[in-house]
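Scope of the values below: all heavy atoms of this structure, side chains included, with no hydrogens, waters or symmetry mates. Please read all numbers here as calculations on a predicted model, not as lab measurements. To find a chain, count down the sequence lines: A is the first, B the second, and so on, and within it residues start at 1.
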Amino acid sequence: MTNAEMPIVATPPEVKQHGHGQSERRWQDYFTFNTDHKVIGIQYLVTSFIFYLIGGLMADIMRTELATPASDLVPPELYNSLMTLHGTIMIFMWIIPAGAGLANYLIPLLIGARDMAFPKLNALAFWMIPVGGVMLVGSLLIQAPQAGWTSYPPLSIVSGKVGEGIWIFSLLILGTSSILGALNFLTTILKMRVPSMGLNDMPVFCWSMLATSGLVLLSTPVLAGALILLAFDLLVGTAFFNPTGGGDPIVYQHMFWFYSHPAVYIMILPLFGAISEIIPVHSRKPLFGYRAVAYSSMAIAFLGLLVWAHHMFTSGTPAWLRMFFMITTMVIAVPTGIKIFSWLGTMWGGKISLNSAMLFAMGFVGMFVIGGISGVMVASVPFDIHVHDTYFIVAHLHYVLFGGSVFGIFAAIYHWFPKMTGRMMNENLGRIHFALTLIGMNLTFMPMHKLGMMGMNRRIAMYDPRFTSLNQMATVGAYILAISTFPFLINALWSWWKGKPAGDNPWRALTLEWLTTSPPAIENFEVLPVLTHGPYDYGVDPEEDNRENEPPFTSPELQPDSSPLS
Amino acid sequence: MLAGIALTLVSIWYGQNHGLLPVQASDDATVIDGLFNTMLTVGTGIFLLVEGAIVIGAIRFRRRKGDNTDGPPIAGNIPLEIVWTAIPVFIVLFLSVYSFDVYRNMGGFDPDAIEGTPEVQVAMADTDLATPIVDGQSSPKTHSMHHHLALGVGADPSTQGKEPDLSVDVMGLQYAWIFTYPESGITSGELHVPVNSDVKLTIKAQDVLHAFWLPEFRLKQDAIPGQPAELRFQTKREGEYPIVCAELCGPYHGAMGAKLYVESQEVYDQWIQSQVVAQKGGDQTVATLVERTDSERTDADRLAPVAAELGITAETLKSLQSVQPAA
């Protein structure tokens with residue numbers, strides 16, 4: 001029994017209370033400029049979930065409009081605004097901040113630190129999120145952007161100055177927040193691990209956040225550049241992208257996708273990491289191929305910087321570029337495949353608890369693989385020329401971002417909720433949530449593959465009547481997805497208030513966050529933990545562990561740099 | 001083993017019988033569908049393998065009640081990991097080479113794709129696009145310098161270097177497509193082409209980005225203001241096909257479309273004649289715009305004043321004729 005073998009906790013010479021000036025967590029803290037990473041993590045998660053509901057409401061209005069071919073529910077201008085805001089909010093206000101929230105909450109706990117490297121910067125990064133989000137949603141009251149979340153010029157320059165301006169400035173704020181967060185994650189992971197934890201002893205979530213942070217730091221500034229130039233074109237009348245002044249609209253697309261394709265990996269890599277934590281715990285088996293899973297995140301991040309023009313195969317992209325980006329895009333399937341097979345290898349032969357966290361994790365693998373398969377298809381230039389900008393792409397991206405990222409976020413919430421609140425979530429409501437989400441998701445997005453291939457273009461408020469029946473199917477699916485959020489919402493609120501007490505380690509997991517109390521004390525650990533086993537050493541008999549190098553009961557300062565197991 | 005055979009058979013069957021694509025109106029469409037069918041076969045196999053592993057794993061390896069022990073401490077298997085890295089590598093290399101070949105056969109590398117698009121240089125040199133200056137200086141040297149910038153899909157290897165049977169200028173604007181036949185001077189809101197002919201479209205945009213999509217031909221090209229592009233294809237099946245705008249161009253993007261009519265030579269000639277007569281008769285409006293929604297009809301009315309500004313000026317025509325002497 002591994003959980004009986006509690007890791008030996010060393011007593012440092014002095015437990016420093018470099019504190020936040022208080023020892024009890026008050027509920028008011030969650031509404032202030034608090035610098036505790038756990039408060040900030042929950043602030044991120046709750047805020048982003050509220051925006052998920054707003055973005056989802058927009059999606060359901062759009063699906064209701066699309067239940068009939070004619071444009072009869074909302075004016076087409078408003079439809080385009082909803083579509084623009086749905087995309088922008090789901091990306092910049094839900095998936096990216098939810099990933100950042102998980103990272104904020106988990107990284108210091110996973111590596112045995114007391115907080116993030118730059119706590120004030122961390123709080124600042126969070127408080128930019130609601131500002132940007134309120135601007136985006138509030139734009140509906142003044143003038144909403146209409147040019148899609150991609151905001152391609154010349155359309156974005158001519159479709160309303162105020163709305164487009166609000167969109168640009170809110171994205172600049174959200175991008176800055178993302179950069180500040182990434183700086184913090186990178187520094188924290190590299191510099192603040194307990195001394196006994198080498199890079200290859202880190203939980204895989206930390207590896208995936210290293211990759212994510214690197215991507216954010218390299219690519220987000222390019223988006224900022226594109227947006228600032230676009231703002232000049234829009235507000236001052238320059239002609240960087242405006243063809244009537246001699247500008248080149250294609251340059252914007254290159255700059256935009258240089259961020260926005262890596263953004264897909266910024267959205268999925270944190271959840272790859274979370275899934276790699278969740279599956280071993282609930283399968284009671286070590287992560288299959290730790291190094292392959294860890295390093296494939298880095299490979300995905302690197303390749304992710306080299307594929308952006310596959311969004312532009314039918315745009316101003318000459319033949320040789322089309323071929324170059326086709327091949328780089330296809331190659332990304334290899335590290336991604338390694339991850340999927342490693343997760344399957346972890347589950348295979350284990351003792352799988354089919355609880356809500358594990359169900360969502362398995363749903364993640366099963367849905368994401370569909371997005372991966374259609375991803376390889378659209379990487380192929382001849383096929384992409386047919387399906388680009390159609391509902392096939394809508395289906396593909398939702399299998400990746402909903403079937404992938406959103407399933408991953410839910411899996412992570414079910415898994416770490418006991419740690420965050422000290423209480424268990426209700427399993428029956430969780431299973432209902434999972435079943436409704438799985439059915440709703442497939443009913444919504446599976447028919448879209450066919451719609452796109454048969455000739456339905458995307459981003460339209462009115463369509464050819466021959467596509468009606470499949471669209472109605474998708475609309476029903478979207479309603480099921482809307483309903484699916486209720487069991488979750490009830491479950492989360494009720495469990496937070498009255499759930500069964502969880503104890504420190506309800507899943508009998510081995511990573512460091514489960515060593516401390518639930519919810520963790522303000523400074524995380526009474527005394528800094530010392531690693532006595534790897535993060536995934538399930539089924540390893542502690543008696544037979546080769547610990548001959550282990551110096552027991554020494555302070556972290558006396559520990560050798562490498563872990564006993566390395 | 002038996003499961004593996006069943007999985008392969010199901011994948012192959014579904015790869016051929018998916019019913020997900022519209023009719024094939026050209027030989028290119030058949031070739032592209034072949035590529036898709038292959039990818040779908042491989043994809044179905046991977047899908048069944050992964051979903052099967054999840055479902056079977058969840059049933060077979062579920063935790064029994066009261067069992068709180070851990071599973072076997074298997075932390076990896078290097079040969080297995082090499083296998084599941086090598087197989088995807090092989091698959092994507094195969095698909096890349098296959099896609100490359102299909103792309104070449106459909107004319108993606110046509111070096112002549114730049115022909116008829118001298119405005120690319122003009123756009124760089126001259127900032128006033130309202131009057132595209134086309135001085136006809138299409139010397140071979142300029143071509144060889146710029147042919148890598150060719151946009152779109154050109155002639156396939158069998159027709160490369162030959163003049164197309166028919167050239168049509170396509171202009172996208174909010175929210176309609178306008179087709180100009182340089183040889184006869186016709187301007188129309190419908191695209192008529194004869195069957196069994198080699199058609200070259202030069203695609204331009206007037207205001208914002210649009211995309212010219214022929215789903216039944218599996219062809220698409222963005223229309224970019226200031227950067228003309230080309231789509232070249234061979235018609236082989238008579239019929240009426242939708243032309244769809246596939247790049248967000250404004251609130252009525254969904255209503256922007258037109259029809260492509262692939263007709264026998266006689267019907268096509270008759271149509272050309274009727275258009276020539278109608279437009280010679282002082283009727284400059286594009287009266288024959290397709291019957292569509294109300295929003296479209298008002299667009300049709302709007303076309304008349306716009307048609308004069310399309311850039312289909314005498315100079316443009318002259319330059320086009322100088323580029324393609326006597327088709």
Side-chain angles (χ1 to χ4, degrees), chain A residues 76-77 80 148 152 154-155 243-246 283-286 288-289 292 314-316 318-320 323 326-327 330-331 333-334 337-338 341 344 347-354 362 365-366 369 373 377 380-383 385-386 388-389 450 453-455 457 459-463 538-540, chain B residues 20-22 32 35-36 39 43 46-47 50-51 53-54 57-58 61-63 67 70-73 75-76 81 84-85 88-89 92 95-96 99-100 102-103 106 108-109 127 129 148-151 208-209 211 215 218 220-222 224-227 242 244 246-249 251-255:
Chain A
E77 291 83 3
N80 279 12
Y152 279 1
L155 181 66
T244 51
S283 306
R284 310 308 303 167
K285 249 188 89 204
F288 199 97
T314 68
S315 173
W320 68 271
M323 291 299 113
M326 172 174 87
I327 292 164
M330 291 237 175
V331 170
V334 175
I338 291 175
F341 293 129
L344 294 178
M347 283 190 266
W348 199 258
K351 301 196 169 174
I352 301 172
S353 315
L354 291 173
M362 290 159 74
V365 180
V369 78
I373 292 166
M377 290 176 176
S380 167
V381 172
F383 181 64
I385 287 178
H386 177 51
H388 176 76
D389 253 317
K450 177 161 186 175
M453 285 196 278
M454 294 303 286
N457 45 345
R459 298 174 152 184
I460 51 174
M462 56 291 265
Y463 58 88
Y538 296 100
V540 179
Chain B
L20 292 173
L21 285 159
I32 294 165
L35 170 65
F36 173 73
M39 293 195 293
I46 295 172
F47 171 82
V50 173
E51 309 295 343
I54 293 173
F61 303 114
R62 70 183 186 281
R63 189 176 69 90
D67 181 4
D70 289 347
E81 287 171 50
W84 72 40
T85 308
V89 167
V92 297
L95 289 179
S96 296
S99 302
F100 188 94
V102 170
Y103 187 64
M106 64 193 268
F109 293 107
T127 52
L129 276 178
H148 285 303
L149 282 172
L151 303 179
V208 298
L209 299 174
R218 318 283 188 265
K220 186 184 291 123
Q221 173 58 43
D222 283 13
I224 306 162
Q227 297 183 30
V244 184
E247 182 66 62
L248 178 64
C249 62
Y252 294 91
H253 166 52

task: Check whether B:Ile32 gets within reach of chain A through its side chain, its backbone, both or neither, counting any heavy atom under 4.5 Å.
output: side chain
For A:Arg459 against B:His253, the heavy-atom pair lying closest together: O-CD2, 3.2 Å
message: Test your reading of the model: is there a side-chain donor-acceptor pair from A:Asn457 to the backbone of B:Ala246, 3.5 Å cut-off?
response: no
- request: Considering non-hydrogen atoms only, spot the tightest contact between B:Pro22 and A:Met454 and give its length.
  value: N-SD, 3.7 Å
- prompt: Atom OH of B:Tyr252 and atom CG of A:Asn80: how far apart are they, to the nearest 0.5 Å?
  reply: 10.0 Å
query: Quick one: of A:Gly148, A:Ser283, A:Pro154, A:Pro382, who has the most non-hydrogen atom pairs under 4.5 Å with chain B?
result: A:Pro382
field: Region of B:Glu81 that comes under 4.5 Å of a non-hydrogen atom in chain A
entry: side chain
message: Is B:Met106 close to chain A through its backbone or its side chain, or both, or neither, when contacts mean heavy atoms under 4.5 Å?
response: side chain
query: Does any non-hydrogen side-chain atom of B:Leu21 lie less than 4.5 Å from one of A:His386?
result: yes
query: Can you name the nearest heavy-atom pair linking B:Gln221 to A:Ser315, along with the distance?
result: NE2-O, 3.5 Å
query: Measuring heavy-atom distances to chain B, does A:Ile352 have an atom under 4.5 Å in its side chain, in its backbone, in both, or in neither?
result: both
Side-chain heavy atoms of A:Ile327 within contact of B:Phe100, under 4.5 Å: no
Top contributor to chain B contacts, counting heavy-atom pairs under 4.5 Å, from A:Ala461, A:Gly337, A:Ser353: A:Ser353
task: Tell me, for A:Met323 versus chain B, whether the close heavy atoms (under 4.5 Å) come from the side chain, the backbone, both or neither.
output: side chain
query: Which answer fits A:Ile338, side chain, backbone, both or neither, if we ask what part of it has an atom under 4.5 Å from a heavy atom of chain B?
result: both
query: With a 4.5 Å heavy-atom cut-off, do A:Met326 and B:Tyr103 have their side chains touching?
result: no
query: chain A heavy atoms under 4.5 Å from B:Ile224: which part of the residue, side chain, backbone, both or neither?
result: side chain
message: Is B:Pro72 in contact with chain A via its backbone, its side chain, both, or neither, using a 4.5 Å heavy-atom distance?
response: both
query: Do any N or O atoms from the side chain of B:Lys220 and from the backbone of A:Ile385 form a donor-acceptor pair under 3.5 angstrom?
result: yes
- request: Tell me, for A:Val365 versus chain B, whether the close heavy atoms (under 4.5 Å) come from the side chain, the backbone, both or neither.
  value: both
query: What part of A:Tyr152 is in contact with chain B, defined as an atom under 4.5 angstrom from a non-hydrogen atom: side chain, backbone, both or neither?
result: side chain
query: Aromatic rings B:Trp84 and A:Phe288: how do their planes relate, parallel, tilted or perpendicular, breaks at 30° and 60°?
result: tilted
message: Within the structure provided, determine whether A:Leu155 and B:Glu247 are in side-chain contact (heavy-atom separation under 4.5 Å).
response: no
statement: Heavy atoms of B:Ser99 and A:Met330 approach each other most closely as OG-CE, 4.1 Å
task: Side chain from CB out, backbone as N, CA, C, O: work out which of these in B:Leu209 comes under 4.5 Å of a heavy atom of chain A, or both, or neither.
output: both
Selection from A:Ala333, A:Gly349, A:Gly289 maximising heavy-atom pairs under 4.5 Å formed with chain B: A:Gly349
message: So, taking the atom named CG in B:Leu20 and the one named CE in A:Met453, what distance separates them when rounded to the nearest 0.5 Å?
response: 4.0 Å
task: Answer with side chain, backbone, both or neither: which region of B:Ala53 has an atom nearer than 4.5 Å to a non-hydrogen atom of chain A?
output: both
